[in-house]
Number of protein chains: 2
Amino acid sequence: MEQFEKVSIVKKANVYFEGKVTSRTVIFDDNSKKTLGIMLPGDYEFGTAAAELMEILAGEMTVLLPGESEWRTYKTGDTFQVPADSRFKLKVTTIADYCCSYIPG
Amino acid sequence: MEQFEKVSIVKKANVYFEGKVTSRTVIFDDNSKKTLGIMLPGDYEFGTAAAELMEILAGEMTVLLPGESEWRTYKTGDTFQVPADSRFKLKVTTIADYCCSYIPG
């Protein structure tokens, strides 16, 4: 059972798309941040500020990254990276559990 | 922005009711546990092992506690307690963000 240790967690959830996407923010000793989130089935578009490294903890998502013309499917254990200040699209067909790491610029 | 500090958090989510209820487990220095969770609208029934203290962080839920005949509505900032080894029912009409503390017996 993998854990993040000696971290802070923000009590309140981040809620998007009427709750179909929700996450909790985890803050590490070095002030870096990750969110642990759930996406229910649906089509979503997100914008980034910092670059993001997405890790699929369970489930799968099909993703259109900025500048790409091909949708790619990522499954449990896969990761993908999204550049800073960009937008990406997601199609989620089964519930997806994810960890998003924000990469300082 | 209230936080839990110097805690461990289990990376993978707990998923119930096809993802309509999800939570993350937070473990404190004294080994006590809380879960931070989201309930989407729906009707749910849960069983407890340890007694639970539920705090509504956002939204509301209408609850039938064990041995009660009257449903009660709890809103942001409210808490209610559920005895150990019991069952309780919930009706959620708007997305609810909650913190559940497990109370050692």
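The chains referred to below are lettered A, B, ... by the order of the sequence lines, with proteins before strands, and numbering in each begins at 1.
- At least one side-chain heavy atom of L90(B) sits under 4.5 Å from a side-chain heavy atom of F88(B).
- By the criterion of side-chain heavy atoms lying less than 4.5 angstrom apart, applied directly or through intervening Ile, Leu, Val, Met, Phe, Trp or Tyr residues, Y16(B) is grouped together with M54(B) in one hydrophobic cluster.
- With contacts defined as side-chain heavy-atom distances shorter than 4.5 Å, the pair F46(A)/V82(A) does not qualify.
- You'll find the side chain of V92(A) stays beyond 4.5 Å of the side chain of K20(A), heavy atoms only.
- Under the 4.5 Å side-chain heavy-atom criterion for Ile, Leu, Val, Met, Phe, Trp and Tyr, F28(B) and I27(A) are members of distinct hydrophobic clusters.
- By a heavy-atom distance cut of under 4.5 Å, I95(B), D97(B), Y98(B), C99(B) are the residues of residues 93-102 of chain B near chain A, going up by number.
- Heavy-atom distances place the side chain of V26(B), and not its backbone, under 4.5 Å from chain A.
- Proximity of K91(B) to W71(B): side-chain heavy atoms (C-beta onward) are separated by under 4.5 Å at one or more points.
- Contacts between V7(A) and chain B at a heavy-atom distance below 4.5 Å involve backbone atoms as well as side-chain atoms.
- Ranked by heavy-atom pairs shorter than 4.5 Å toward chain A, the options Q3(B), K12(B), K11(B) are led by K11(B).
- With hydrogens and angles disregarded, no donor-acceptor distance shorter than 3.5 Å links the side chain of T22(B) to the backbone of N14(B).
- Inter-residue side-chain proximity for V63(A) and R72(A) is flagged as unmet; no heavy-atom pair is nearer than 4.5 Å.
- The two atoms that bring K75(B) and I56(B) nearest to each other are O-CB, 3.4 Å, heavy atoms only.
- Hydrophobic clustering of Ile, Leu, Val, Met, Phe, Trp and Tyr side chains at less than 4.5 Å, counting indirect connections, unites V21(A) with F80(A).
- Interface residue E18(A): only backbone heavy atoms are found under 4.5 Å from chain B.
- Along residues 29-45 of chain B, the residues that come nearer than 4.5 angstrom to chain A, judged on non-hydrogen atoms, are L36(B), G37(B), I38(B), L40(B) in order of number.
- Linking ILVMFWY side-chain heavy atoms closer than 4.5 Å, directly or via other members, places L53(A) and M61(A) in two distinct hydrophobic clusters.
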